[in-house]
Amino acid sequence: MEISHIEHIGIAVKNLDESIKYYENILGLKCYAVEEVPDQKVKTAFFKVGDTKIELLESTNPEGPISKFIEKKGEGIHHLAFAVKDISGSLKEVEGKGIQLIDKEPRKGAEGLNIAFLHPKSTMGILIEFCSDKK
Ligand code: ZN
């Protein structure tokens, strides 16, 4: 399998608007997209940092995965996303090496990317996302 770069870092926040202000006013980054992903019960905001993006995630539902994450661990880094050349092939490859998958097949994520998650139990505690490589 071939990872080209870190596509994005996903960060769980309680309040998207307040968080956008911090990234823009303090860090000087520009939010270039806000998008709701109903499938994952989140509203997302994106910033570019070189080839890598920061994806802020606010839950749109108290039962959603981001709400549960914040309840357990508080706000903070939620997942790390790698851009891979062949997402289906990469999933099969890591599964063959004993890694537990959350998504056996790629699905649609924010920005029209194909995404799939690996289970953090198999990856030393970090929720790993594969994204189809698109710039
Ligand atoms: Zn992500």
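Remember, it's 1-based here, ligands and their atoms both numbered in the order they're listed.
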Could you tell me whether the side chain of S67 and the main chain of N61 form a donor-acceptor pair under 3.5 Å? yes
Ionic contact status for K85 with E2, cut-off 4.0 Å: yes
N, O or S atoms of the protein lying under 2.8 Å from the Zn ion (ligand 1): H8 NE2, E55 OE1, H79 NE2, E129 OE1
Decide yes or no on side chain to side chain donor-acceptor pair (under 3.5 Å) for E129 and H8, but give the supporting numbers first. CA-CA 9 Å; E129 176 181 351; H8 63 269; 3.1 Å; yes
Using the rule given for salt bridge (Lys or Arg N to Asp or Glu O under 4.0 Å), can you reason through E58 versus K14, listing the C-alpha separation, both sets of side-chain angles and the distance that settles it, and then say yes or no? CA-CA 6 Å; E58 181 197 78; K14 287 181 183 164; over 6 Å; no
Does the E7 side chain pair with the main chain of K53, one donor and one acceptor, at a distance under 3.5 Å? no
Are there more than 12 heavy atoms of other residues, nucleotides or ligands under 6.0 Å from atom CD1 of I77? no
